[in-house]
Amino acid sequence: MKIIKVKDQVEGGKVGAQVFADALSNGAQVFGLATGSSPISIYDTITASEMDFSNKVSVNLDEYKGIAGTHEQSYRYFMNKHFFSKKPFKESFVPDGLNPDGDAEAARYDTILEKYPRDLQILGLGRNGHIGFNEPGTSFESTTHEVDLTESTIEANARFFTNKEEVPKQAYSMGIKSIMEAKQILVVAYGENKAEAIKAMIEGPVSEDVPASVLQKHDNVIVILDEAAASKL
């Protein structure tokens, strides 16, 4: 893993955007994208740049189950707002949250991932070490699957909804095996509340109890951290 410490999210956005620029210059065609607060400064820097994705493909990590892509808290809506409306891709794939058949949606998305292998995958990091919606205990061999969200994840996401009861209880997520198939992985984490998870990811044993620890087995990972997130290394 290559660890890059930055002053704040603004600097992290510039460093992360350069990873995207380098990938483009190296011929990357498919970009795995993530939602959440951590990648926003990267997306803001990219959308203000001259980078062109109009002949590239994007594939998103995950989506809530049970809400439409037009819902303000859906991940499709997030991507449209922060990225696609300003820097469109030739094609952009996000799991279909309105597909009630979990097995069918997982199979459909795995077919997309097989057709479009990712050159670069960006990840945020959950406080419990989750990546995507792959909570502790998820098999390292998992592909796209339907996930029952943990109480801690529901509570963490409740701030985006009017009340906790509105937060979807399930999601569709790329599996850990799916994530590891990307040629390069970029992890972004800020804040002291991510410090324990960062330490476990980088220095702890590789264990399904800390899903992100599997990244120790990938040969091309860049980690962008501010001082607070890196404080326990």
Side-chain angles (χ1 to χ4, degrees), residues 1-2 12-13 15-36 38-63 69 74-97 99 104-125 131-134 140-145 171-188 211-212 214-215 217-224:
M1 288 185 189
K2 180 181 180 182
V15 173
Q18 187 59 49
V19 175
F20 274 74
D22 291 344
L24 281 173
S25 65
N26 288 328
Q29 298 297 313
V30 183
F31 293 81
L33 303 179
T35 57
S38 298
I40 286 180
S41 63
I42 295 176
Y43 297 160
D44 287 347
T45 306
I46 289 172
T47 55
S49 76
E50 297 299 314
M51 284 185 239
D52 181 14
F53 296 89
S54 60
N55 65 341
K56 310 300 181 186
V57 173
S58 73
V59 188
N60 257 71
L61 264 178
D62 44 24
E63 177 62 283
S74 77
Y75 289 175
R76 166 68 77 172
Y77 186 96
F78 177 103
M79 294 307 304
N80 287 341
K81 177 181 177 181
H82 291 285
F83 205 142
F84 301 152
S85 62
K86 303 164 190 174
K87 290 282 185 187
F89 286 74
K90 179 175 67 176
E91 288 191 272
S92 291
F93 297 98
V94 180
D96 179 6
N99 188 344
E105 181 57 20
R108 184 190 76 86
Y109 212 64
D110 279 340
T111 300
I112 291 168
L113 296 179
E114 189 175 336
K115 183 177 179 181
Y116 298 107
R118 285 142 294 136
D119 296 292
L120 173 63
Q121 174 70 58
I122 186 169
L123 299 175
L125 178 68
I131 46 178
F133 274 124
N134 296 292
F140 285 163
E141 293 302 310
S142 59
T143 55
T144 305
H145 57 294
Y172 292 123
S173 179
M174 279 188 206
I176 294 175
K177 182 180 179 183
S178 315
I179 290 169
M180 291 290 283
E181 287 170 350
K183 292 173 190 166
Q184 183 179 38
I185 295 174
L186 172 63
V187 183
V188 189
V214 74
L215 298 175
K217 294 186 170 185
H218 197 285
D219 60 7
N220 192 354
V221 178
I222 296 173
V223 185
I224 298 175

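Computation of the quantities below employed the complete heavy-atom set of this structure, encompassing side-chain atoms and omitting hydrogens, waters and symmetry-equivalent molecules.
Closest heavy-atom contact between Glu63 and Tyr75: OE1-N, 2.8 Å. Listed here is the closest heavy atom pair of Asp62 and Ser173: CB-CA, 3.9 Å. Nearest approach of Lys87 to Met51, heavy atoms of both residues: NZ-O, 2.5 Å. Taking both residues in full, the closest heavy atoms of Phe31 and Ala23 are given as CE2-CB, 4.0 Å, listed atom of the first, atom of the second, then distance.
Other residues, nucleotides and ligands place more than 12 heavy atoms under 6.0 Å from the CD atom of Glu91. Within 6.0 Å of the NZ atom in Lys86, the count of heavy atoms belonging to other residues, nucleotides or ligands exceeds 12.
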Item checked: Stepwise ring-ring contact (aromatic ring centres under 6.0 Å, His included) test for Phe93 and Tyr116 -> CA-CA 10 Å; Phe93 297 98; Tyr116 298 107; 5.3 Å; yes

Checklist line | Verdict with supporting geometry, Met174 and Ile131, side chain to side chain contact (heavy atoms under 4.5 Å, CB included) | finding: CA-CA 9 Å; Met174 279 188 206; Ile131 46 178; over 6 Å; no

Next item on the list: Take Phe84 and Leu33 through the side chain to side chain contact (heavy atoms under 4.5 Å, CB included) test and state the conclusion after the steps.
Entry: CA-CA 11 Å; Phe84 301 152; Leu33 303 179; 3.8 Å; yes

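Under the rule for a side-chain contact (heavy atoms from CB on, under 4.5 Å), the partners of Glu181 that lie at least two apart in sequence or sit in another chain are Arg118, Lys177. Partners of Lys183 according to the salt bridge (Lys or Arg N to Asp or Glu O under 4.0 Å) rule, which considers only residues two or more places apart in sequence or in another chain, are Asp119. Checked against side-chain contact (heavy atoms from CB on, under 4.5 Å), Thr111 has no partners two or more places apart in sequence or in another chain.
In this structure, the side chain of His218 does not engage the main chain of Ile179 through any donor-acceptor pair within 3.5 Å. Under a 3.5 Å cut-off, the side chain of Ser142 and the backbone N or O of Gly175 do not form any donor-acceptor pair. Of the possible donor and acceptor atoms, none in the side chain of Thr47 sits under 3.5 Å from a partner among the backbone N and O of Phe83. In this structure a side-chain-to-backbone donor-acceptor pair under 3.5 Å is present from Glu105 to Asp96.
Phe53 and Phe89 have tilted rings, their planes meeting at an angle from 30° to 60° on a 0 to 90° scale.
Summarising the geometry, atom CG belonging to Leu186 is positioned 8.0 Å from atom CG belonging to Leu123; distances are rounded to the nearest 0.5 Å. If you take CG on Asn26 and CG on Leu120, they are separated by 10.5 Å, rounding to the nearest 0.5 Å.
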